[in-house]
2 protein chains.
Amino acid sequence: MIALDYRDKRPIYEQIVEKLEKLIVCGALESNTRMPSVRSLAMELSVNPNTIQRAYAQLEQDGYLYTIVGRGNYVTCEAEWKKGRVQTVLKEFTEVLTKARETRVPRGELMALFDRIYPEKEGENT
Amino acid sequence: MIALDYRDKRPIYEQIVEKLEKLIVCGALESNTRMPSVRSLAMELSVNPNTIQRAYAQLEQDGYLYTIVGRGNYVTCEAEWKKGRVQTVLKEFTEVLTKARETRVPRGELMALFDRIYPEKEGENT
DNA sequence: TTGAGTGTATTAAGAGAATTAATACACTTT
DNA sequence: AAAGTGTATTAATTCTCTTAATACACTCAA
């Protein structure tokens, strides 16, 4: 299902989270698909079950999985995890904007950046 | 000049950076004021000189201090450190906005947040 | 009901980065 | 030249993060 890179400095669970997230986002793992069990994936990757558990917990936190105790982990429906992604970004956006206001950054400078990065196109959805 | 809190989990140098930054931002330490020497402040706080050195280096990095080797550390002029603060925020703003675009967050949602947090007032400077 | 499967919680060991310290060097001024 | 200043290097230490070991709790099917 996935392969680990031991030259990678980052922790194992983080690599797993990243790869599974990609699989979900790109559609390779469809909604309500059952994920491999904590133990089986741990076996497959030659890793401690807790490491997988941690990765799954993170993915659940991020809205990509849901858990049924005693049964397994499942992929959240697409609309839901997409909503989660948007909300995460909106929260970050709010924080930066608040900080900008406190720093008295002129509104115009922000507007200029906004228009440059997010150009307004004709006939675009909301 | 400042006091340390040993119950605080954060590293000492970070506490020092934060407190000195506040003193500069609030105007208690004026532009071109000479800071205490690395050794004297270390003595005063019963801390290793390298710890102070590190704090000063950070403050220099952030644009609050400038150094003259053999002479001492001095507070940057106000216009300059203010400019640094603004640029830091603008960079963060750019990053979040780029991420938002990648996530396909609708432009309208960002605009709405923007207008709410940064209300446009009549007769305001740029 | 029991056994094999599942996720969960707790505790501890290990590794590695971050922090701080010790010490020597280089520059400026008097 | 001496006393004060910042700087660089190296090492010891602390501490968080990561991973592992192990026991517990729930679900389902035989």
Side-chain angles (χ1 to χ4, degrees), chain A residues 1-21 24 29 31-76 81, chain B residues 1-21 24 29 31-76 81:
Chain A
M1 179 170 236
I2 60 176
L4 296 178
D5 176 7
Y6 285 101
R7 286 166 306 180
D8 196 324
K9 290 281 187 180
R10 294 172 311 162
I12 297 174
Y13 83 92
E14 208 173 298
Q15 287 186 51
I16 296 173
V17 166
E18 188 192 72
K19 304 216 174 184
L20 292 181
E21 181 181 325
I24 293 172
L29 291 171
S31 298
N32 300 306
T33 303
R34 174 157 181 272
M35 299 294 291
S37 78
V38 166
R39 286 177 182 77
S40 65
L41 186 52
M43 202 74 116
E44 183 184 329
L45 299 180
S46 303
V47 135
N48 189 283
N50 274 328
T51 305
I52 305 297
Q53 167 61 24
R54 175 148 188 191
Y56 279 1
Q58 180 66 53
L59 286 165
E60 186 174 12
Q61 176 74 25
D62 295 344
Y64 292 104
L65 299 182
Y66 62 94
T67 299
I68 305 178
V69 180
R71 298 209 49 193
N73 292 275
Y74 299 84
V75 177
T76 306
W81 59 252
Chain B
M1 179 168 237
I2 61 177
L4 295 178
D5 176 5
Y6 285 100
R7 287 165 306 180
D8 196 325
K9 290 279 186 182
R10 294 173 310 160
I12 297 173
Y13 83 91
E14 208 173 299
Q15 286 186 53
I16 296 173
V17 166
E18 188 192 73
K19 303 214 174 184
L20 292 181
E21 181 181 325
I24 293 172
L29 290 171
S31 297
N32 300 307
T33 303
R34 172 156 182 271
M35 299 293 291
S37 79
V38 166
R39 286 177 181 78
S40 65
L41 186 54
M43 201 77 116
E44 184 184 327
L45 299 179
S46 303
V47 135
N48 189 283
N50 275 327
T51 304
I52 305 297
Q53 167 61 24
R54 174 149 190 190
Y56 279 1
Q58 180 68 51
L59 287 165
E60 186 174 11
Q61 176 75 27
D62 295 343
Y64 292 105
L65 299 183
Y66 64 93
T67 300
I68 304 178
V69 179
R71 299 207 51 190
N73 291 274
Y74 299 82
V75 178
T76 306
W81 60 253

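Computed from a predicted structure; not experimentally measured. Each chain gets a letter, A, B and so on, in the order its sequence line appears, and its residues count up from 1.
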Margin query: I want to check one thing: is the phosphate of D/dT5, taken as OP1 and OP2, less than 4.0 Å away from some side-chain N or O of B/Ser37?
Written below: yes

Notebook entry, point to check: Does A/Gln53 make a side-chain N or O approach to OP1 or OP2 of C/dT8 shorter than 4.0 Å?
Noted result: yes

Check: Under a 4.5 Å cut-off applied to non-hydrogen side-chain atoms, are B/Val47 and B/Leu4 in contact?
Finding: yes

Next item on the list: Check whether any side-chain heavy atom of A/Thr76 lies under 4.5 Å from a side-chain heavy atom of A/Ile24, and answer yes or no.
Entry: no

Send over the distance from [X] [atom1] to [N] [atom2], rounded to a whole Å.
X	N	atom1	atom2	answer
B/Leu4	C/dT19	CG	C1'	14 Å
B/Asp8	C/dT20	CG	P	11 Å
A/Asn73	D/dT27	CG	C1'	14 Å
B/Ile52	D/dT5	CD1	C1'	15 Å
A/Gln61	C/dT8	CD	P	13 Å
B/Tyr56	D/dA8	OH	C1'	19 Å
B/Leu41	D/dT5	CG	C1'	14 Å

Determine whether a donor-acceptor pair (N or O, by modelled atom type, separation under 3.5 Å) exists between the side chain of [X] and the backbone of [Y].
X	Y	result
B/Glu44	B/Met1	yes
A/Gln15	A/Asp5	yes
A/Asp62	A/Tyr64	no
A/Asp8	A/Arg10	yes

Next item on the list: With rounding to the nearest 0.5 Å, note down the distance linking OG in A/Ser37 to OH in A/Tyr56.
Entry: 7.5 Å

Next item on the list: Could you identify which residues of residues 64-72 of chain B place a heavy atom less than 4.0 Å from some atom of DNA chain D, listed by residue number, or say none?
Entry: B/Thr67, B/Gly70, B/Arg71, B/Gly72

Note to self: Using every non-hydrogen atom in the two residues, find where B/Ile16 and B/Ala55 come nearest and quote the distance to one decimal.
What the structure shows: CG2-CB, 3.8 Å

Note to self: For a quick check, tell me whether the side chain of B/Arg39 and the base of D/dG6 share a donor-acceptor pair closer than 3.5 Å.
What the structure shows: yes

Checklist line | Where protein sits on nucleotides 9-21 of chain D, one letter per nucleotide: B base, S sugar-phosphate only, - none, heavy atoms under 4.0 Å | finding: B--------SBBB

Next item on the list: Decide side chain to side chain contact (heavy atoms under 4.5 Å, CB included) for A/Val75 and A/Leu65; before the verdict, give the C-alpha distance in whole Å, the side-chain angles of both, and the deciding distance to 0.1 Å.
Entry: CA-CA 5 Å; A/Val75 177; A/Leu65 299 182; 4.2 Å; yes

